[in-house]
2 protein chains.
Amino acid sequence: MTSSRPRTRIQIKNRAAILDAGLDAFSAHGFRGATLDQIAETAGMSKPNLLYYFGGKDAIYTALLEQLLDTWLDPLREIDPDGDPVTEILGYAQRKLDLSRDYPRESRLFANEILQGAPHIHSHLSGDLKALVDDIAIVIARWADEGRIKAVDPRHLIFSIWSLTQHYADFEVQVTAVLGHAAYFDDAAIHLNRMLRGALEP
Amino acid sequence: MTSSRPRTRIQIKNRAAILDAGLDAFSAHGFRGATLDQIAETAGMSKPNLLYYFGGKDAIYTALLEQLLDTWLDPLREIDPDGDPVTEILGYAQRKLDLSRDYPRESRLFANEILQGAPHIHSHLSGDLKALVDDIAIVIARWADEGRIKAVDPRHLIFSIWSLTQHYADFEVQVTAVLGHAAYFDDAAIHLNRMLRGALEP
DNA sequence: GTCTATAGACGGATAGAC
DNA sequence: GTCTATCCGTCTATAGAC
């Protein structure tokens, strides 16, 4: 454990408020662009009080990233090697799209971190993430070999699903501006389903 | 004109050095995360000297964005409404992928700006960009109506091409970490070609 | 055109009273 | 646990010599 466990109700409540405010700030401005003043104000407490709960700016950011990485890859782990290939891949894409709709701030936090060179999580990318992708890539390659989906580069297919789905959270401002309205996730789901089906079904 | 034209050779050279250094900094850290010290050092001059050429941090950033927006949409404008639909769309995707390969910093500059809410270019998105996408969407819709490509949501197809191609510049660190190597653009081109062909050909 | 020096605001973090 | 006051470093930008 890097930090002591919260015990009292007020500790739990304040830590949660800080993390939520931090997510607002870091996802909107990146690590260097966010300020403790801003986070403290959003969380409804003074800056020294905020620093009573977290050792510093870095500690808040790190806690958010760890929390995120812990759950961000779950949809990928849920792919069933024994399931129907098209169903499994489309289901994965849908779960990722759901994440973009339900947790856009988390998506943008992650995007900011990667965009700026992933200084805090580089080892995670070439460690856990690479290992997991390698595993799934074997499954997808087998499906292609068996002719159950079209020939496809497994890793680039995964990149495609990441980019297609995360785009709706990370570039939300642009999507909304171009469409002229904000409620686009149902249309996006239909579109992605059709596109991926066309690209994958033999 | 918002700024006086550079005249002497040394002015041209210094302004170019500043813009290049600014592109480095802003694309890597976002607007608020980048510093003038960093830009001045990369450009090889003192901070006051840098400010002799540009009015301030904002002026450098704005100049970079204007320069970028001016050329960023050219590949989209090159789509020929009278050409072969699949060829035109795949050609567009390839041109966008070339941009990600040849101008990754510009892609990340744009991504940072959008990710952080597009404060400097919001009017451009709902103005010029929306108008251009609306035009192309009509062409793509006609192609679909004529049965020359599969039924597809034109605007979401454009989003898909943007996300698929820009991902290779914006998430370069992650792509490299997962693949274990850096020279992936040829593979990406083959993959995108196959995927889009499968998704589009009737 | 380029520099040193510095103003003035803001950033993260701490001291110490309550 | 929470606050006010404050330290100190960094940031953008300017003054003014050369």
Side-chain angles (χ1 to χ4, degrees), chain A residues 2-65 109 112-113 116 119-120, chain B residues 2-65 109 112-113 116 119-120:
Chain A
T2 57
S3 60
S4 58
R5 295 178 185 285
R7 293 180 188 164
T8 69
R9 259 163 300 175
I10 195 164
Q11 278 176 332
I12 292 170
K13 176 170 159 286
N14 278 341
R15 284 182 61 97
I18 292 167
L19 288 175
D20 192 69
L23 184 54
D24 266 2
F26 289 125
S27 68
H29 302 292
F31 179 71
R32 290 175 59 170
T35 69
L36 289 184
D37 288 279
Q38 180 189 9
I39 296 173
E41 190 187 341
T42 305
M45 69 188 72
S46 67
K47 197 162 47 167
N49 198 18
L50 180 152
L51 290 166
Y52 170 78
Y53 289 99
F54 285 88
K57 189 181 182 180
D58 229 85
I60 303 173
Y61 187 72
T62 303
L64 282 169
L65 272 184
L109 177 74
N112 260 308
E113 169 70 11
Q116 309 196 355
H120 295 78
Chain B
T2 57
S3 61
S4 58
R5 295 178 186 286
R7 294 181 187 163
T8 69
R9 259 162 301 174
I10 194 163
Q11 277 176 334
I12 293 171
K13 177 170 157 288
N14 277 342
R15 284 182 63 95
I18 291 166
L19 287 175
D20 191 70
L23 184 54
D24 266 2
F26 289 125
S27 67
H29 304 292
F31 179 73
R32 289 174 60 172
T35 69
L36 289 184
D37 288 281
Q38 180 188 10
I39 297 173
E41 190 187 340
T42 306
M45 68 188 71
S46 69
K47 200 162 42 169
N49 197 19
L50 181 153
L51 289 167
Y52 170 77
Y53 289 100
F54 286 87
K57 189 181 182 180
D58 229 86
I60 303 173
Y61 188 72
T62 302
L64 281 168
L65 271 184
L109 177 74
N112 261 307
E113 169 70 12
Q116 310 195 356
H120 295 78

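Only a predicted model underlies this, so the values are computations on that prediction, with no experimental measurement involved. In what follows, chains carry the letters A, B, and so on, assigned in the order in which the sequence lines appear, proteins first and then strands, with residues in each chain numbered from 1.
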For [X] and [N], give me the distance from atom [atom1] to atom [atom2], rounded to whole Å.
X: A/Y52; N: D/dG1; atom1: OH; atom2: C1'; answer: 5 Å
X: A/L50; N: C/dG11; atom1: CG; atom2: P; answer: 14 Å
X: A/I39; N: C/dG12; atom1: CD1; atom2: P; answer: 8 Å
X: A/E41; N: C/dC10; atom1: CD; atom2: P; answer: 14 Å
X: B/N14; N: C/dC3; atom1: CG; atom2: C1'; answer: 14 Å

Review point. Taking OP1 and OP2 of D/dT4, is either one under 4.0 Å from a side-chain nitrogen or oxygen of A/N49?
Key: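 A/N49 to D/dT4 OP1/OP2: no side-chain N or O under 4.0 Å.
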
Review point. So does A/S46 get a side-chain nitrogen or oxygen closer than 4.0 Å to the phosphate oxygens (OP1/OP2) of D/dA5?
Key: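 No, A/S46 has no side-chain N/O under 4.0 Å of OP1/OP2 on D/dA5.
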
Check your understanding: Ignoring hydrogens and geometry, is there a side-chain-to-backbone donor-acceptor pair from A/T62 to A/A59 under 3.5 Å?
Key ->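 Checked: no pair found.
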
Measuring from [X]:[atom1] to [Y]:[atom2], what's the distance to the nearest 0.5 Å?
X: A/L51; Y: A/L36; atom1: CG; atom2: CG; answer: 5.5 Å
X: B/D24; Y: B/I39; atom1: CG; atom2: CD1; answer: 9.5 Å
X: B/L64; Y: B/L23; atom1: CG; atom2: CG; answer: 5.5 Å

Collect all protein-nucleotide pairs involving nucleotides 11-18 of chain D in which both atoms are nitrogen or oxygen and the distance is under 3.5 Å.
| unit_1 | atom_1 | unit_2 | atom_2 | d |
| --- | --- | --- | --- | --- |
| D/dT12 | OP1 | B/A34 | O | 3.3 |
| D/dT12 | OP1 | B/L36 | N | 3.4 |
| D/dT12 | OP1 | B/K57 | NZ | 3.1 |
| D/dT12 | OP2 | B/L36 | N | 2.8 |
| D/dA13 | OP2 | B/K57 | N | 2.8 |

Exercise for review: Kindly indicate whether the side chain of A/E41, heavy atoms from C-beta on, has any atom under 4.5 Å from the side chain of A/K47.
Suggested key: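 The answer is no; the side chains never approach within 4.5 Å.
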
Check your understanding: In terms of the angle between their ring planes, are A/F26 and A/Y61 parallel, tilted or perpendicular, with boundaries placed at 30° and 60°?
Key ->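 Rings of A/F26 and A/Y61: perpendicular, as their planes differ by over 60°.
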
